[in-house]
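Labels below follow one simple rule: chain letters A, B, ... track the order of the sequence lines, proteins then strands, and each chain is numbered from 1.
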There are 2 protein chains.
Amino acid sequence: MNNLSNLFKEKNLKLTPQRYAIYNYLLGTKSHPSAEMIYEALKPHYPTMSLATVYKTLNTLIELGLVQQLNVGEDNFRFDAKAEPHPHIVCLECGKVDDIDELELNNINQIAQKYTNYKISSSKVYFYGLCPECQLKEEGDR
Amino acid sequence: MNNLSNLFKEKNLKLTPQRYAIYNYLLGTKSHPSAEMIYEALKPHYPTMSLATVYKTLNTLIELGLVQQLNVGEDNFRFDAKAEPHPHIVCLECGKVDDIDELELNNINQIAQKYTNYKISSSKVYFYGLCPECQLKEEGDR
DNA sequence: GTAGGTGCAAATACTTTGCATGACA
DNA sequence: TGTCATGCAAAGTATTTGCACCTAC
């Protein structure tokens, strides 16, 4: 965690308890929470923390490259402490978002580069479907 | 365009000039406009049309499967009259959004299916980079 | 001690909704 | 003619901003 401290120092940023808590929470969850969800999760431990601080901190962490922002098609953003690009999958029923770590799409940018005059620098891939739990519920409905 | 008329009739929907204009505008552009952009583009021809109608119509067209909604990472949605899935590319400089029609990703869902317990039904792929025009501008800056 | 951060409230931006009027079928 | 759509204004939701006070360094 010393890396974090140094990284903040380099940029003349302060490592406040709020920032630490938000980043740590993101590191410790696989749920790809929204700002609101992070706020609600931390409120018991940091009762004075405001939603505005969550948003500001998330933007700071994104600028530092520690966090990425996801757009699964909802009306809000979700956040992921894994900054390396990797595909995500969204449950159309319950809204859950998971990683698909095993699927390697490293070469997709190079493949796509052949078909466009844009200079590609990154990409985002989202799959949509039913999570195992919601599949079971569907079965139960029959 | 008779298909459209029939499709509307089936669903007990009325094919108003506004709906016709919005769908036609989307069919005729490759710019993947936002609701606001559609509104501004049609205002000269339909001065009484309201932004609310644009939103309502877009949601209707989406339900009919005639239009798809894009989330390129901005704070708004963009719309595309090509309902079949196809990858998009976003210019990080000017915000332009283009299709990459030639890149076929039909099999990507099946490939990803091997690595997840979700039942995959669709996917969205976004590339990010610099469009040709903005690449030239960058060159000019040096 | 000071630059930078927090937290509140207000502002902004996008989208949706309620409702009276209007128009397609 | 009746049902559905439009258009206005107001409401709702997500996010950002301004500013006085506070705190990490």
Side-chain angles (χ1 to χ4, degrees), chain A residues 1-2 4-23 25 32-40 42-64 66-79 95, chain B residues 1-2 4-23 25 32-40 42-64 66-79 95:
Chain A
M1 227 19 71
N2 212 345
L4 193 63
S5 167
N6 289 337
L7 183 56
F8 272 69
K9 205 173 289 176
E10 275 175 31
K11 308 269 181 181
N12 282 328
L13 297 171
K14 288 173 184 168
L15 190 44
T16 63
Q18 292 89 336
R19 286 176 172 175
Y20 195 82
I22 290 167
Y23 184 51
Y25 179 71
H32 307 82
S34 64
E36 184 80 36
M37 289 159 76
I38 297 169
Y39 172 64
E40 292 298 335
L42 295 179
K43 201 151 65 172
H45 305 282
Y46 298 82
T48 71
M49 185 159 57
S50 80
L51 188 52
T53 297
V54 176
Y55 277 108
K56 286 172 188 168
T57 295
L58 287 169
N59 285 330
T60 303
L61 293 172
I62 288 168
E63 277 168 35
L64 290 174
L66 295 174
V67 164
Q68 70 174 299
Q69 205 175 32
L70 306 184
N71 260 271
V72 302
E74 300 167 321
D75 44 2
N76 58 21
F77 290 101
R78 286 167 172 264
F79 299 89
Chain B
M1 227 20 70
N2 212 345
L4 193 63
S5 167
N6 289 337
L7 183 57
F8 272 68
K9 203 173 290 176
E10 275 175 32
K11 309 269 178 180
N12 283 328
L13 298 172
K14 289 173 184 168
L15 190 43
T16 63
Q18 292 88 335
R19 286 178 170 173
Y20 196 81
I22 290 167
Y23 184 51
Y25 179 72
H32 306 82
S34 65
E36 184 81 37
M37 289 159 77
I38 297 170
Y39 173 65
E40 292 298 332
L42 295 179
K43 200 152 65 173
H45 306 283
Y46 299 82
T48 72
M49 184 159 57
S50 81
L51 187 53
T53 298
V54 176
Y55 277 107
K56 286 172 187 167
T57 296
L58 287 169
N59 286 330
T60 303
L61 294 172
I62 289 168
E63 277 169 34
L64 290 174
L66 296 173
V67 163
Q68 69 173 298
Q69 206 176 31
L70 307 183
N71 254 265
V72 302
E74 300 168 321
D75 43 4
N76 58 23
F77 290 102
R78 285 166 171 264
F79 299 88

Distance, nearest 0.5 Å, that separates OH of A:Tyr23 from CG of A:Leu64: 9.5 Å
Return no unless some side-chain N or O of B:Tyr55 is found under 4.0 Å from OP1 or OP2 of C:dT15. yes
Whole-Å distance between C:dG7 C1' and A:Lys43 NZ? 14 Å
Which distance, rounded to the nearest 0.5 Å, do you find between the CD of A:Gln18 and the OG1 of A:Thr48? 6.0 Å
Between C1' of C:dG7 and CD1 of A:Ile22, the distance in whole Å: 12 Å
What is the separation between atom CD on B:Glu74 and atom P on C:dT15, rounded to the nearest whole Å? 10 Å
Could you check how far CD of A:Gln18 sits from C1' of C:dT6, rounded to whole Å? 6 Å
Of all residues at least two apart in sequence or in a different chain, which pass the side-chain hydrogen bond (donor to acceptor under 3.5 Å, both in side chains) check with B:Thr60? none
Between B:Asn76 and C:dT15, is there a side-chain N or O to OP1/OP2 distance below 4.0 Å? no
Approximate separation, where rounding is to 0.5 Å, of A:Leu42 CG and A:Leu51 CG: 11.0 Å
Value in whole Å for how far the C1' atom of C:dA3 lies from CZ of A:Phe8: 16 Å
Criterion side-chain contact (heavy atoms from CB on, under 4.5 Å) against A:Phe79, the qualifying member of A:Ile22, A:Leu61, A:Ile62, A:Val54: A:Ile62
Students often get this wrong, so: under 4.0 angstrom with heavy atoms, is A:Thr53 touching a base, only sugar-phosphate, or nothing? base
Residue set satisfying side-chain hydrogen bond (donor to acceptor under 3.5 Å, both in side chains) with A:Arg19, at least two apart, ordered chain then number -> none
Which atom pair, heavy atoms only, marks the closest approach of A:Pro33 to A:Tyr25? CG-CE2, 4.0 Å
Across the strands shown, which category fits B:Pro17 at heavy-atom distances under 4.0 angstrom: base, sugar-phosphate, nothing? sugar-phosphate
Hey, where on DNA chain D does chain B first and last touch, going 5' to 3'? Cut-off is any atom under 4.0 Å from a heavy atom. D:dG2 to D:dA9
Mind listing the closest non-hydrogen atom pair of B:Leu58 and B:Ala35 along with its distance? CD1-CB, 3.9 Å
Nearest whole angstrom, please: distance from the P of C:dG5 to the OH of A:Tyr20. 18 Å
Which heavy-atom pair separates A:Glu74 from B:Asn71 by the least distance, and what is that distance? O-OD1, 4.2 Å
Taking atom P of C:dC14 as reference, at what distance in whole Å does atom CD of B:Glu40 sit? 12 Å
Is there a side-chain polar atom (N or O) of B:Thr16 under 4.0 Å from OP1 or OP2 of C:dA23? no
Looking at B:Leu70 and B:Gln68, what are the two nearest heavy atoms and their distance? CD2-OE1, 3.8 Å
Distances under 3.5 Å only, N/O to N/O: pair up the protein atoms with those of nucleotides 18-22 of chain C.
unit_1 : atom_1 : unit_2  : atom_2 : d
C:dG18 : O6     : B:Lys56 : NZ     : 3.1

Spacing between B:Leu51 atom CG and C:dA13 atom P, to the nearest angstrom: 14 Å
For a quick check of understanding: with a heavy-atom distance under 4.0 Å over all strands, which category does A:Ser34 fall into, base, sugar-phosphate or nothing? nothing
Are OP1 or OP2 of C:dC8 and a side-chain N or O of A:Ser50 less than 4.0 angstrom apart? no
By side chain to side chain contact (heavy atoms under 4.5 Å, CB included), A:Ser34 pairs with (sequence neighbours left out) A:Glu36, A:Met37, A:Asn76
Show the nearest heavy-atom pair for residues B:Lys14 and B:Phe8, with the distance to one decimal. O-CD2, 3.7 Å
Determine to 10° how strongly the helix from C:dG1-D:dC25 to C:dA25-D:dT1 is bent, judged from the axes of its five-pair ends. 40°
